Amino acid sequence: MAEFNQDNEHRPPYRTGLVYDLAEYLAACGVCASPDADQREVSDTPAVFAYRLEDEPDRAMAVFNITVDEAASDSNPTVRFSLVFRGAPRDQLTPLEDAARAYKHLHDLTDVKLTATSGFLSCRRVINDPPLLDTNDRWHAVDTYTATLLAPPTTI
């Protein structure tokens, strides 16, 4: 899958696995559907997308806006990412509830194991935007997190 910036322009991948690791972790926590599922068939949890929301289904989430800062540490860089949750038309509560579930499994936690080979030393929500309404009367909840990545495991 290609990465896109907010202007919908293609950009080269950088730590591309992180977006999928995060989606796998959130799916395992029950926050969203499995990234391996057919997202058009999802009904009990938000569908999950990388980098941008697709138009369907209505109830969905995306992991996007990933930036990595290695200024402090090459092995434990700081990563910033955003999660957006969308609900069905005129449903303002579901996106907020879905965002609250993600918050429970990310905010103020340490040693978060995303997958067997990646994780966060710590993670905090740093921005909690107010709900937004799109032109299709669907509400969106957007949260931004900052995390310190665990050094990848070494093999002997």
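Source: prediction; values computed, not measured.
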### Message
Are Thr67 and Arg80 packed together at the side-chain level, in the sense that at least one heavy-atom pair is separated by less than 4.5 angstrom?
### Response
yes

### Partners passing ring pair (Phe, Tyr, Trp, His ring centres under 6.0 Å) against Phe120 (at least two apart in sequence or in another chain)
Phe81

### Contact check, side chains of Asn65 and Thr144, non-hydrogen atoms, under 4.5 Å
no

### Query
Of the non-hydrogen atoms in Ala33 and Thr45, which two are nearest, and what is the gap between them?
N-OG1, 3.2 Å

Pair up each side-chain donor or acceptor in residues 85-95 with any protein partner under 3.5 Å, not counting sequence neighbours, and list the distances.
from: Arg86; atom 1: NE; to: Asp58; atom 2: O; distance (Å): 2.8
from: Arg86; atom 1: NH1; to: Glu54; atom 2: O; distance (Å): 3.1
from: Arg86; atom 1: NH2; to: Glu54; atom 2: O; distance (Å): 2.8
from: Arg86; atom 1: NH2; to: Asp55; atom 2: O; distance (Å): 3.4
from: Arg86; atom 1: NH2; to: Pro57; atom 2: O; distance (Å): 2.6
from: Asp91; atom 1: OD1; to: Leu93; atom 2: N; distance (Å): 3.2
from: Asp91; atom 1: OD1; to: Thr94; atom 2: N; distance (Å): 3.1
from: Asp91; atom 1: OD1; to: Thr94; atom 2: OG1; distance (Å): 3.2
from: Asp91; atom 1: OD2; to: Thr94; atom 2: OG1; distance (Å): 2.5

### Query
By ring pair (Phe, Tyr, Trp, His ring centres under 6.0 Å), which residues pair with His105, not counting sequence neighbours?
none

### Task
Report yes if the side chains of Asn76 and Leu121 come closer than 4.5 Å at any heavy-atom pair, otherwise no.
yes

### Query
Taking all atoms of both residues into account, what is the closest heavy-atom pair of Leu109 and Lys104, and its distance?
CD1-O, 4.0 Å

### Message
With heavy-atom distances below 4.5 Å as the criterion, would you say the side chains of Val142 and Leu83 are in contact?
### Response
no

### Query
Is the backbone of Arg138 close enough, under 3.5 Å, to the side chain of Asn136 for a donor and an acceptor to pair up by distance?
no

### Task
To the nearest 0.5 angstrom, please state how far the OG atom of Ser34 sits from the CD atom of Glu24.
5.5 Å

### Query
Mind checking whether Leu106 and Ile66 sit in one hydrophobic cluster, side chains of I, L, V, M, F, W, Y counted as touching below 4.5 Å?
yes

### Same apolar cluster: Val68 and Tyr145, side chain cutoff 4.5 Å
yes

#### Entry: Smallest separation among heavy atoms of Ala50 and Val19, with atom names
CB-CG2, 4.0 Å

### Query
Going by heavy atoms in the side chains, are Arg101 and Leu26 under 4.5 Å from each other?
no

#### Entry: Non-hydrogen atoms of His107 and Arg125 that approach each other most closely
ND1-N, 2.9 Å

### Task
Step by step, work out the side-chain contact (heavy atoms from CB on, under 4.5 Å) result for Arg124 and Thr146.
CA-CA 6 Å; Arg124 290 192 61 81; Thr146 298; 5.7 Å; no

## Note on the structure
So OG of Ser82 and CG of Asp129: to nearest 0.5 Å the spacing works out to 8.0 Å

### Crowding at CG, Asp44 (>12 non-hydrogen neighbours, <6.0 Å)
no

### Cluster link Trp139 to Tyr103, ILVMFWY, side chain under 4.5 Å
no

### Query
Looking at side-chain heavy atoms only, is the closest gap between Tyr25 and Val112 below 4.5 Å?
yes

### Message
Any non-hydrogen side-chain atom of Gln39 less than 4.5 Å from a side-chain atom of Val48?
### Response
yes

### Summary
Here the pair of heavy atoms bringing Arg59 nearest to Ser43 is NH1-O, 4.3 Å

### side-chain contact (heavy atoms from CB on, under 4.5 Å) assessment of Val31 paired with Asp98
CA-CA 7 Å; Val31 173; Asp98 291 340; 5.8 Å; no

### Summary
d(Leu132 CG, His140 NE2) to nearest 0.5 Å is 7.5 Å

### Message
Walk me through whether Ser118 and Asp21 qualify under side-chain hydrogen bond (donor to acceptor under 3.5 Å, both in side chains).
### Response
CA-CA 7 Å; Ser118 70; Asp21 293 348; 2.7 Å; yes

### Query
How about Leu149 and Leu18: do any of their side-chain heavy atoms sit closer than 4.5 Å?
yes

### Query
Which heavy-atom pair separates Leu114 from Leu22 by the least distance, and what is that distance?
CD2-CD1, 4.0 Å

